[in-house]
Amino acid sequence: MTRPLDADDPEPADRHPAGPLYVPVRPGPSGCVARLFRTPLGDRTAVGFTSELRLTAVLGHDQAWIRLAEPALRALTAPLGVTTVTVDPLFTAPAPAPVTTGTFDLASLRTVRERQPR
């Protein structure tokens, strides 16, 4: 028996497979690896897009992807503890800037702090 949707229920009562998805990937030790993302609350999630156009609009033309069915994506990420699949997110945070190695000049750091308005 299917539970009807409640207006306050943020998710449908039954999960329906999203069908074939365009899944962003990155190079891994043995080929391609599905990229995992974070939700706004910080939980890990797998991401899939319903069209190549949607994927490139969010992640750019250089993003590599593979086609996977939604149940296959869930099965791929479940051993990693990722149980959420986000379909067609509208935006993502930019990749973090690379960490540069170097030394800090403490005298110039103090000067910058002193110039900031209080």
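These numbers were taken from a predicted model, which means no experiment stands behind them.
Looking only at side-chain heavy atoms (C-beta outward), Pro89 and Phe37 stay at 4.5 Å or farther from each other. Proximity of Phe49 to Thr56: side-chain heavy atoms (C-beta onward) are nowhere separated by under 4.5 Å.
In this structure, Val82 belongs to a hydrophobic cluster whose other members, linked by side-chain heavy atoms under 4.5 Å apart, are Leu36, Leu80.
A side chain to side chain donor-acceptor pair (under 3.5 Å) with Tyr22 is found for one member of Glu52, Arg67, Arg54, Gln63 and no other, namely Arg67. Between Leu76 and the options Leu68, Val33, Val23, a side-chain contact (heavy atoms from CB on, under 4.5 Å) holds for only Leu68.
Judged purely by atom type and a 3.5 angstrom limit, Thr39 uses its side chain to pair as donor or acceptor with the backbone of Asp43. Of the possible polar contacts, one joining the Asp88 side chain to the Thr50 backbone as a donor-acceptor pair under 3.5 Å is found. Proximity of a side-chain donor or acceptor of Arg44 to a complementary backbone N or O of Gly81 within less than 3.5 Å is not detected.
A side-chain N or O of Thr86 and one of Thr45 form a donor-acceptor pair less than 3.5 Å apart.
Scanning both residues, Val25 and Arg35, for their nearest heavy atoms gives C-CG, 3.8 Å.
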Original post:
Between Val87 and Leu21, is a side chain to side chain contact (heavy atoms under 4.5 Å, CB included) present by the stated rule, with each step listed?
Top reply: CA-CA 8 Å; Val87 177; Leu21 297 172; 4.2 Å; yes

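Clustering ILVMFWY residues whenever any of their side-chain heavy atoms sit less than 4.5 angstrom apart, transitively, puts Val85 in a cluster other than the one holding Val47.
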